[in-house]
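Here the structure comes first, spelled out in structure tokens, and everything after it is commentary.
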Amino acid sequence: MQTLSSEQRDVVSRIVAELKDRPGPLLEVLHAIQAALGYVPREVIPLVAEGLNLSRADVHGVVTFYHHFRDAEPGRHVVQVCRAESCQAVGGEALADHARKRLGVEFHESTPDGRFSLEPVYCLGNCACSPAVMIDGQLHGRVTPERFDALIAESGHIPEHSPEGP
Amino acid sequence: MTAAQSRTGKTLLYVPADAGALSLGAEALCRAIVSEATRREVDVQIVRNGSRGAYWLEPLVEVATAAGRIAYGPVSATDVPSLFDAGWLEGGAHRLRQGEPGSMPWFASQQRLTFARVGLIDPLSVTDYVNRDGYQGLRRALSLSPQELIETVTRSGLRGRGGAAFPTGIKWRTVLEQPAGQKYVTCNADEGDSGTFADRMLMEGDPLSLIEGMTIAGIATGATQGYIYLRAEYPDAHRILRQAIARAYEARYLGADVMGSGKRFDLEVRLGAGAYICGEETSMLESLEGRRGEVRVRPPLPAIKGLFGRPTIVNNVVTLATVPVIVHQGADFYAGYGAGKSRGTLPIQLAGNIKRGGLVERAFGLSLRELLYEYGGGSASGRPIRAVQIGGPLGAYVPASQFDTLIDYEALAGIGAMLGHGGIVAFDDTVDMARMARYAMEFCAIESCGKCTPCRIGSTRGVEIVERILAGEDPERQVAKLEELCEVMVQGSLCGLGGMAPFPVQSALKHFRGDFLARPRS
Ligand SMILES: Cc1cc2nc3c(=O)[nH]c(=O)nc-3n(C[C@H](O)[C@H](O)[C@H](O)COP(=O)(O)O)c2cc1C
Ligand code: SF4
Ligand code: FES
């Protein structure tokens, strides 16, 4: 188990202090942590629990319930490929296979060089322009394998992944 | 601004900032337009509107000419020099010219009540909104008693557009009847169903109509706090909603003194975190409270004991955004549209393998065939449409032989289907329905909240059984097992996820049995 750096601890403490008086703050806190750190390290659980007056088990239960919260640092670019029905109807599964091959990883994995994480997503609300992909919070529609390669090549030039969230 | 030219004498161009348009390059297009205009030393001003919903034409640029708005699409950044050459700022001829958008048959034959402004206005301009009937509903609401107001919503026949189709007015009345004290209005913007994007388009294209609808719900029931529970997959909608809420506060349409009435209504957006089940209303409330999105046992109803244990309205985005036009124009106006017990209009979303995908708002009662072929133009691949899935991942597959069914709640129930949130996903004849059945079970397994066994364990078993069918292992026996399992899930699940995930499977088995039985053994 890793320990948090002192900067990470400070960030988390600041977030908790800022949001703790809002009604039902836990999800807000976790979103803010993921936006700041790129993921929700499991080591923040005691800090968050204490700050919000919840049990560690409660916080753990919430963090693990939601697909959105990552437990490991993601690649610099997060590539989400839609796997839901509308995208399947126009080649979404072939695109998913292509993405795996192109990046050389399975879903929920990151490339060894830390550049890309590949994640499944179940509908991006872009079903009239299927198949859809989201890269670092940017939506792309009618993505062919060729277009996918171009997008991946382009994101190589984009300096850093800007974390999503509020 | 609706004039052909902005006050500064620049030509106005509309380039959607809708996520779908952005996904097709609308941002790069804006940059290209600005730089080409600069190079040619012409003054243009770009308004970022929502999408009209004609996605096969996105990015669809509209130029405000002296003769009205003229549309060009689909425009890519590389088309821009030739469009300037063609004199598009004056509406010049070009292969991408679509003419006046309102007179395109696809658009002209729609009946847009909820989506009346989407694609037309700057979604962040309170002035644009007010100039097109915005806040007329709230104004009228403030002159009515809560009972009269709720009576209007009830008599309009409006039913929840999130999926369950429950009468909205009745839900509101229950909240009104609870003892005074803190009450809430919550908007379900979790829109998890594949094939749906009406909520997203509305929030990105006319967020003030949702804000107004929620404010009216607050006025009607005495609720002073609203929350929009928005799925995390919609970052563009998130940004636009937050800006729109800030503008509504500035203009005093939100806050301590709504439109000078002395009544309070506050509103904020909360983000979900990638859990489909959080679209189920009690799971959504748990999530809003910052907990695991586990489904609550009912009763009590959310209207009696909802968010933080208080009386709470839970309504879908489209439901709430339809309230202003109903209150403004009256119950009879709205109820004048529709068929049978399905009153008003429905924003239908056409997706999947379809030539002209997008949003069609029409009164209930048109046929699936009209929708798929007249609006949708048939499949994108040019092959026959073999099946459509209606109402998201828990909705039934409907075969081509039933395309004459009308789109209304009762007619679809009559063929064992449901309308859900109004999404329709088309598949051509290359679809393997056994694979779609496998996916339905897999999706349920991934998204199950884990509270009850038929859903949590049953769905995983379902995946295993379909896998054996796909491998051609004793299909007759496996199909019988699958049918039994579906029955157990339907009967024994606490909520609609486990209880309806079998619907696509059962309908696939019923209409496309050959896909399950006639498989080569691998
Ligand atoms: C598994 C499941 C998922 C649902 N997802 C959504 C959703 O994403 N959006 C929505 O508005 N309603 C969804 N619903 C329906 C809600 O439970 C609820 O009926 C609805 O939000 C009420 O609003 P309405 O009356 O305006 O439709 C879902 C229901 C179930 C069982
Ligand atoms: S049916 Fe599934 S999602 Fe619904 S309560 Fe049971 S386990 Fe949870
Ligand atoms: S199903 Fe892929 S974007 Fe909706």
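Just so we're clear, the structure is a prediction, and the values are computed from it rather than from any experiment. Just so we're on the same page: letters track the sequence lines, and every chain starts at 1.
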- prompt: In terms of heavy-atom proximity below 4.5 Å to chain B, should A/V62 be classed as side chain, backbone, both, or neither?
  reply: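 Its backbone and side chain both get close to chain B.
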query: Where does A/R147 contact chain B at under 4.5 Å (heavy atoms): side chain, backbone, both or neither?
result: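 When you check distances to chain B, only side chain atoms of A/R147 fall under 4.5 Å.
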Count the heavy atoms of every other residue, nucleotide or ligand shown that sit under 6.0 Å from [atom1] of [X], and state whether that count exceeds 12.
X	atom1	result
B/R239	CZ	yes
B/R291	CZ	yes
A/E109	CD	yes
A/N53	CG	no
A/E50	CD	no
A/R9	CZ	no

Backbone N/O of B/A232 and side chain of A/H31: donor-acceptor pair under 3.5 Å: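 Absent.
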query: Would you say B/S194's side chain and A/S86's backbone share a donor-acceptor pair under 3.5 angstrom?
result: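 Yes, the answer is positive, given that a donor and an acceptor are paired below the 3.5 Å cut-off.
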Answer whether the closest heavy-atom distance between the side chains of [X] and [Y] falls below 4.5 Å.
X	Y	result
A/P23	B/F308	yes
B/Y276	A/H67	no
A/Y66	B/S287	yes
A/H68	B/R231	no
A/C127	B/V425	no
A/F65	B/E286	no
B/R292	A/T64	yes
B/E233	A/V121	yes

In terms of heavy-atom proximity below 4.5 Å to chain A, should [X] be classed as side chain, backbone, both, or neither?
X	result
B/E191	neither
B/D428	neither
B/A426	backbone
B/R270	both

Specify which of [options] makes the most heavy-atom pairs with chain A at under 4.5 Å.
options	result
B/A440, B/A275, B/G195, B/G53	B/G195
B/W56, B/Y439, B/F427	B/Y439
B/E268, B/R356, B/Q225, B/E27	B/E268
B/C278, B/G358, B/G293	B/G293
B/A19, B/S23, B/G357	B/S23
B/G25, B/P393, B/A237, B/A380	B/P393

- request: Write down the atom of A/C123, the atom of B/D193, and the distance for their closest heavy-atom approach.
  value: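 Heavy atoms only, the tightest pair is SG-O, 3.8 Å.
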query: Which pair of non-hydrogen atoms, one from B/N353 and one from A/V90, has the smallest distance, and what is that distance?
result: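 Taking B/N353 first and A/V90 second, the nearest heavy atoms are CA-CG1, 3.7 Å.
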Quick one: which of [options] has the most heavy-atom pairs under 4.5 Å with chain B, could you say?
options	result
A/A89, A/C82, A/A84	A/A89
A/G61, A/S130, A/A132, A/P25	A/G61
A/Q80, A/Q138, A/R83	A/R83

message: Pair B/M436, A/Q88 - check side-chain contact (heavy atoms from CB on, under 4.5 Å), show working.
response: CA-CA 9 Å; B/M436 298 321 294; A/Q88 289 182 37; 3.3 Å; yes
message: Report, in residue-number order, which members of residues 442-450 of chain B are under 4.5 Å from chain A by heavy-atom distance.
response: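 Hits under 4.5 Å: B/F443, B/I446, B/E447, B/C449.
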Roughly how far, to the nearest 0.5 Å, is the [atom2] atom of [Y] from the [atom1] atom of [X]?
X	Y	atom1	atom2	value
A/H140	B/L22	NE2	CG	10.0 Å
B/Y234	A/M134	OH	CE	9.5 Å
B/D236	A/N126	CG	CG	10.0 Å

query: Is B/E58 salt-bridged to A/R142, going by a charged N under 4.0 Å from an acidic O?
result: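 No, no charged N to carboxylate O under 4.0 Å.
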